[in-house]
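Throughout, protein chains are lettered first and strands after them, A, B, ... in sequence-line order, and every chain is numbered starting at 1.
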Amino acid sequence: MSALARRGDLLRLSTLFVRTLREDPADAEVASHKLLIRAGYIRRTAPGIYTWLPLGLRVLAKIEAIVREEMQAIGAQEVHFPALLPREPYEATGRWTEYGPNLFRLQDRKRADYLLAPTHEEMFTLLVKDLYSSYKDLPLTLFQIQTKYRDEARPRAGLIRGREFVMKDSYSFDHTDAGLDAAYQRHRDAYERIFTRLGLEYVIVSAMSGAMGGSRSEEFLSPSPIGEDTFVRTAGGYAANVEAVVTPVPDAVAYDDAPAAHVEPTPDAGTIDALVALANANHPRPDRAWTAADTLKNVVFAVTQPDGTRGLLVVGVPGDREVDLKRLEAALAPAEAEPAGDADFAKHPELVKGYIGPLVLGPQGAQVTAEDGTTSSAIRYLLDPRVVPGTRWITGANVADHHVFDLVAGRDFAADGTIEAAEVRAGDLAPDGSGPVELARGIEMGHIFQLGRKYAEALGLKVLDENGKAVTVTMGSYGIGVTRALAALAEANHDERGLAWPAQVAPAHVHVVATGKGTEVFEAAASIAEGLVAHGVEVVYDDRPKVSPGVKFADAELLGVPLLVVVGRGLADGVVEVRPRAGEAETLPVADAVAAVTARVEGLLA
RNA sequence: CGGGGUGUAGCGCAGUUUGGUCAGCGCAUCCGCUUUGGGAGCGGAGGGUCGCAGGUUCGAGUCCUGUCACCCCGACCA
């Protein structure tokens, strides 16, 4: 069966609402942004907010159609919520406040609070609660393709990160964990089909479910240097967002022969570099030189919990690594962390800047007793997983200008736990044993995760099970950034001349150019264009009469329609040219043009 | 929120240091003629309260004060 419709669309450039620009817009940095503006697909309306012109809207609709088909294929049913929502449901889950300044808020004439939805978990949950009450109704998967609003602090890169964007979000509802697993896997498979059909290279990386409180979570990234996400992968198949990378834990080391810890004067060694230099000068190792990796760096952060309480956290990492704030926050979510300020240090005189060591931290430091009788460290101390028992360190002695040497983990100090906060570097070993990782960047186009019962609990979504007992429903949440996928497609499919869409999402299949003077070329070109349309092919026809060939070719390359048909000087010999957007031209007899080009289009869509 | 930068015609820019033929250039648009296989030529035309508000001055894109907006780099997310 042909992928073509019964009749295609004919877009005449003489009347199509488009104006191409010869120069890049000044405010665009990335290729997709520049080209989508230059080719007349979108126009900027406000920061991070874009108007869709006919060509852009056609591409968007094709992407949506593919997403919709594949969602329906896994049994998901489409619904559509308002983008404008009342405050109450978001109040119930705490997100009215938790979402913070990223939430677009407004009031109606009665001063009632509303919001422009950044995502619709609450609404889906409440809708199912409204209609369903039995396990027999489950499993259920609902989805919508909706415009979402987030008042991003910094919109960037055109469609890559906008304040208004189109997202497909779906939610699965099950009463068993096994059901959730199955729904998750169905979505994962569907996403693979979607991105394959879009003609987009993708990498599935494990992700942090973070604040959403789920268990399993993966992201679909389009590898691209302009992507905002950093991920790691190995030749052996491991792939993870840097935030989710797990550090392999080394074996514990025997320390029977380790000398006792000893404090040494280290004047002006407040930095790791200075410390290493000084250690090598004054306390050389017999076997090799000291390196930064022999030092234990203790970095102080202020951590703010969602309820507003603030406390100090010290993270201990090998001195050759920085603490990656993104990884730290991902590990601490939903709490937020920031480097400790002068005020924090002032409250804790035991923290001597540049000379902080484990002996005043965590279990070694002061303890506080909570109302319920449990005790915890006054200054929480978490270690990098590499700091295993038996490892020896040079680290701060908590006295200005002094460090302690041969401080042995497990013998001389302990911590309140470990944390994945150290930076990930190329060459680090993957946790699954598949070898060293490489780092790359990608555009996050999709995210699937097992939400669990968080929203169902908060909003009281329960069903009666086989025993007539009310059980809380478990949910999965699955998103695809539709407008972002369009931008990722533009990023992945362009050259210096313009866009180059895969046929499945291109605004049209064929771009017919009539060049030359005289009415014959235009009559022949129009006849071919109409013939193609009659066969179901979507055609852009450049019928502009007084436009030079150079302009027409340049516009064709800018617009990025996959096949170009040139009707011009060859007409005298009874031939026209066909050439792919990035490929060699070949000539065809005029009489065969419609059939041959139609066949090529069908080949591209297959 | 921290750092950097920019606001002059639909788009891209010059002019601001050194107040006074400074309201300009290219692209785009409109009219006429020519041109028609790689962003054409000639002639003509329309279009800007120089981000906004005060101030200095005989005179302000130009100097002063304030203010707003936007873009880029870092902390958040589809």
Integer angstrom distance from the C1' of B:rU34 to that of B:rC70: 44 Å
Step-by-step side-chain contact (heavy atoms from CB on, under 4.5 Å) determination, A:I204 to A:F220: CA-CA 5 Å; A:I204 304 177; A:F220 286 71; 3.6 Å; yes
Check: A:R186/A:Y478 side-chain N/O donor and acceptor closer than 3.5 Å: no
G-U wobble or Watson-Crick pairing nucleotide for B:rA40 (cut-off 3.5 Å, both distances): B:rU34
Options B:rU36, B:rA78, B:rC77, nucleotide nearest the side-chain atoms of A:F165: B:rA78
From CA spacing to verdict: side-chain contact (heavy atoms from CB on, under 4.5 Å), A:S477, A:Y171: CA-CA 5 Å; A:S477 165; A:Y171 301 86; 3.6 Å; yes
CA sep, side-chain torsions, deciding dist, call: A:V512, A:V576, side-chain contact (heavy atoms from CB on, under 4.5 Å): CA-CA 10 Å; A:V512 177; A:V576 297; over 6 Å; no
Contact state string [nucleotides 71-76 of chain B, B base, S sugar-phosphate only, - no protein heavy atom under 4.0 Å]: SSBBBB
Value in whole Å for how far the P atom of B:rG12 lies from NZ of A:K34: 13 Å
Euclidean distance, atom CD1 of residue A:I194 to atom P of B:rA78 [Å, nearest integer]: 16 Å
B:rA60 to B:rG3 separation - C1' atoms, rounded to the nearest Å: 32 Å
Which residues share a salt bridge (charged side-chain N to carboxylate O under 4.0 Å, His left out) with A:R497, sequence neighbours left out: A:E557
A:E423 and A:R321 ion-paired at < 4.0 Å: no
Contact nearer the 5' end of RNA chain B, comparing A:V547 with A:V482: A:V547
B/S/- contact track for nucleotides 24-33 of chain B, protein heavy atom under 4.0 Å: --BSS-----
Between B:rG37 (P) and A:D573 (CG): distance, integer Å: 14 Å
Set of salt bridge (charged side-chain N to carboxylate O under 4.0 Å, His left out) partners for A:E192, sequence neighbours left out: A:R188
Side chain proximity check, A:D495 to A:R581, heavy atoms < 4.5 angstrom: yes
Touch class at under 4.0 angstrom, heavy-atom based, for A:R497 against every strand present: base
NZ/NE/NH1/NH2 to OD/OE distance under 4.0 Å, A:E69 and A:R197: yes
Between P of B:rG39 and CZ of A:R38, the distance in whole Å: 15 Å
Residues that A:K326 engages under side-chain hydrogen bond (donor to acceptor under 3.5 Å, both in side chains), provided they are two or more places apart: none
C1' atoms of B:rU49 and B:rA45, separation to the nearest Å: 23 Å
B:rC1 to B:rU67 separation - P atoms, rounded to the nearest Å: 14 Å
Side chain to side chain donor-acceptor pair (under 3.5 Å) assessment of A:T141 paired with A:S170: CA-CA 7 Å; A:T141 300; A:S170 45; over 6 Å; no
Whole-Å P distance, B:rG54 and B:rA40: 46 Å
Nucleotide paired to B:rU6 in any strand shown, Watson-Crick or G-U, under 3.5 Å: B:rA69
A:K168 bridged to A:E64 by N-O distance under 4.0 Å: no
Pair A:H33 + A:Y50: ring centers closer than 6.0 Å: yes
Pair partner, B:rU18 [Watson-Crick or wobble, under 3.5 Å]: none
A:P502 vs A:N493 side-chain heavy atoms within contact, under 4.5 Å: yes
Watson-Crick or G-U wobble mate for B:rA23, both contacts under 3.5 Å: none
P spacing across the pair B:rC30 / B:rG46, given as an integer number of angstrom: 16 Å
Nucleotide opposite B:rU29 in a Watson-Crick or G-U pair, distances under 3.5 Å: B:rA45
First of A:G516 and A:M445 reached from the 5' end of RNA chain B, by closest nucleotide: A:G516
Below 4.0 Å: OP1/OP2 of B:rA40 and any side-chain N or O of A:S548: yes
Rounded distance in Å between the P positions of B:rG43 and B:rU62: 35 Å
Sugar-phosphate only, base, or nothing, as touched by A:G498 at under 4.0 Å among non-hydrogen atoms: nothing
For atom CZ of A:R163 and atom C1' of B:rC70, their distance in whole Å: 11 Å
Contact residues, residues 552-571 of chain A to RNA chain B [heavy atom, < 4.0 Å]: A:F553, A:A554, A:D555, A:E557, A:V566, A:G568, A:R569, A:G570
Between B:rG48 and B:rU65 - C1' atom distance, rounded Å: 26 Å
Separation of atom CZ in A:F522 from atom P in B:rU36, rounded to whole Å: 13 Å
